[in-house]
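Whatever order the structure lists them in is the order used to number ligands and atoms, beginning at 1. For clarity, every value in this text was computed on a predicted model and none was experimentally measured. Counting begins at 1 with the first residue of the sequence.
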Amino acid sequence: MRMVFLGPPGAGKGTQAVMLSERMGILHLSTGDILRENVKRGTEIGKKAKSYMDKGELVPDDMVIEMMLDTIKSGDKEKGFILDGFPRTLYQARKIDAELEKLGLPIDMVTYFKTSTDTVISRLTGRRLCKNCGANYHIKNMPPKKEGVCDKCGGELYRRKDDSEETIKKRLGVYNSQTEELIGYYREKDILKELSGDSDADVVYEELFVNSHFQRRG
Ligand code: AP5
C-alpha cells in the first residue's frame, strides 16, 4: 500500500502516519522530519533548507524531490509507504508520480485531511515534541503524564520553531496558495479519499484504517 497524506499544517498527518505505518508495517516518510533531521546533523541539505523552514516557506522543489526519491529507493519500499507532507506543489506531484511509475510503485491512495483553520491554529500552538525520540504531544488534547517530559523515553519536550503564531499563518498561506490545488489533481486521478481532520484522533484513525484496508483489497 502506497499512500500520500495531504492537508494543512497541523491537520494530524504526522500523528496518524506514525500509528498507521506501525500497524500496517510500512514506511512513514515525512519530508518535514527528514529535513529537520538534516538540519540537526548540519548536512548540506539541512544548511540550505533551514532558512526556508524557519520562515514557514517551502524548500525548493528539486531539492525535496531528490531527497525523497533517494529515501524511497534506499528504504524497504516493497511493503509500501506513507508520504507525509509530500508532494506539496503540483510540480512535486507530477514529478514524483512519473518517477514512481518508472519504479513500478504508483501511489494507490491519497488521504486529504480536511481541517478548519481554528483547529489548525489550536493544534500547532499547543504541539510539543520530544527532543530525544520525536514523540508528539499536545498540551490540551494529548498531554504527557508529567508536564514537559516525554512518556516514552523521559526526554525533554520542546516547541517547534515554526509553531509560532506568525509562522503558522505564513505556513497556512503557503498551503492555500501552493498545496491546496493538489486536491483537484488527485481527485481527477480518482485516488482521493477525504476525511475530517477536525475529529478526535481515534475517530480519524479508524476511518483511515478502514479506507486503506478496502483500498488494498480493491
Ligand atoms: P512539516 O513538518 O511537514 O509540517 P506541516 O505540513 O506544516 O505539518 P505539521 O507537522 O505541522 O502537521 P501535521 O499535520 O503532521 O500535524 P501533527 O500530527 O503533528 O513541514 C515543515 C517544513 O518543512 C515546511 O514548512 C517546509 O519548509 C518544509 N517542507 C516539508 N515538506 C516539504 C515539501 N514537500 N516541499 C517543500 N518544503 C517542505 O498534529 C499537530 C498537533 O495536533 C499535535 O500536537 C498532535 O498531538 C495534535 N493532534 C493531532 N491529531 C489530533 C486530533 N485528531 N485531535 C486532537 N489533537 C490532535
Those atoms of ligand 1 less than 4.0 Å from some heavy atom in [X]:
| X | answer |
| --- | --- |
| G85 | 31 (N), 32 (C), 33 (C), 34 (N) |
| Q92 | 33 (C), 34 (N), 35 (N), 36 (C) |
| G14 | 13 (P), 15 (O), 18 (O) |
| R171 | 4 (O), 5 (P), 7 (O), 9 (P), 11 (O) |
| V64 | 33 (C), 34 (N), 35 (N), 36 (C) |
| E57 | 26 (C), 27 (O) |
| N141 | 55 (C), 56 (N) |
| D200 | 53 (N) |

Taking non-hydrogen atoms only, is [X] closer than 4.0 angstrom to ligand 1 via side chain, backbone, both or neither?
| X | answer |
| --- | --- |
| V59 | both |
| F113 | neither |
| L124 | side chain |
| L35 | side chain |
| S199 | backbone |
| T15 | both |
| M142 | side chain |

[atom1]/[X] to [atom2]/[Y] distance, rounded to the nearest 0.5 angstrom?
| X | Y | atom1 | atom2 | value |
| --- | --- | --- | --- | --- |
| L29 | R2 | CG | CZ | 12.5 Å |
| Y91 | L58 | OH | CG | 14.0 Å |
| I26 | D76 | CD1 | CG | 11.0 Å |

If you group Ile, Leu, Val, Met, Phe, Trp and Tyr by side-chain heavy-atom gaps below 4.5 Å, do F5 and V174 land in one group?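 No, F5 does not connect to V174 through the hydrophobic network.
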
Among all protein heavy atoms in this structure, tell me which lies nearest to [atom], with the distance rounded to 0.1 Å.
| atom | value |
| --- | --- |
| atom 16 (O) of ligand 1 | G12 N, 3.3 Å |
| atom 44 (O) of ligand 1 | Y137 O, 2.8 Å |
| atom 48 (N) of ligand 1 | R123 CD, 3.5 Å |
| atom 4 (O) of ligand 1 | R160 NH2, 3.2 Å |
| atom 31 (N) of ligand 1 | T31 OG1, 2.9 Å |

Do K48 side-chain atoms and E44 backbone N/O form a donor-acceptor pair below 3.5 Å?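 Looks like no, no N/O pair under 3.5 Å.
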
Quick check: does any side chain N or O of Y137 sit under 3.5 Å from a backbone N or O of D151, one acting as donor and the other as acceptor?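 Yes.
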
Using a 4.5 Å cut-off on heavy atoms from C-beta on, say whether the side chain of [Y] contacts that of [X].
| X | Y | result |
| --- | --- | --- |
| K161 | R36 | no |
| T31 | M67 | yes |
| I107 | F81 | yes |
| Q16 | T111 | no |

Does the distance from a Lys or Arg side-chain N to an Asp or Glu carboxylate O, for K40 and D33, drop under 4.0 Å?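 Salt bridge: no.
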
In plain terms, say whether K193 and E207 are close enough for a salt bridge, that is, a side-chain N and a carboxylate O under 4.0 Å apart.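 Salt bridge absent between K193 and E207.
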
Are any of the N/O atoms in [X] less than 3.5 Å from those in ligand 1?
| X | value |
| --- | --- |
| G126 | no |
| L58 | no |
| K13 | yes |
| N136 | yes |
| D33 | no |
| G56 | no |

Quickly, which of N211, I82, L83 forms a side-chain contact (heavy atoms from CB on, under 4.5 Å) with M3? Name it, please.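 Exactly one candidate clears the test, I82.
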
Under the side-chain contact (heavy atoms from CB on, under 4.5 Å) test against R128, which residue among H138, R159, E147 passes?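 Testing R128 for a side-chain contact (heavy atoms from CB on, under 4.5 Å) against H138, R159, E147 leaves exactly one candidate, R159.
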
Would [X] count as a contact residue for ligand 1, given that I'm defining contact as a non-hydrogen atom of the residue lying under 4.0 Å from a ligand atom?
| X | answer |
| --- | --- |
| M68 | no |
| R36 | yes |
| G10 | yes |

Taking ring pair (Phe, Tyr, Trp, His ring centres under 6.0 Å) as the test, write out the residues that go with Y205, two or more places apart.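 Here no residue qualifies.
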
Option whose closest heavy atom lies nearest to atom 1 (P) of ligand 1, chosen from R88, K55, R127, M53: R88

Qualifying residues under salt bridge (Lys or Arg N to Asp or Glu O under 4.0 Å), relative to K189, sequence neighbours excluded: D97

Please check if the number of heavy atoms outside E66 that lie under 6.0 Å from its CD is greater than 12.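 It does not: E66 CD has 12 such atoms or fewer within range.
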
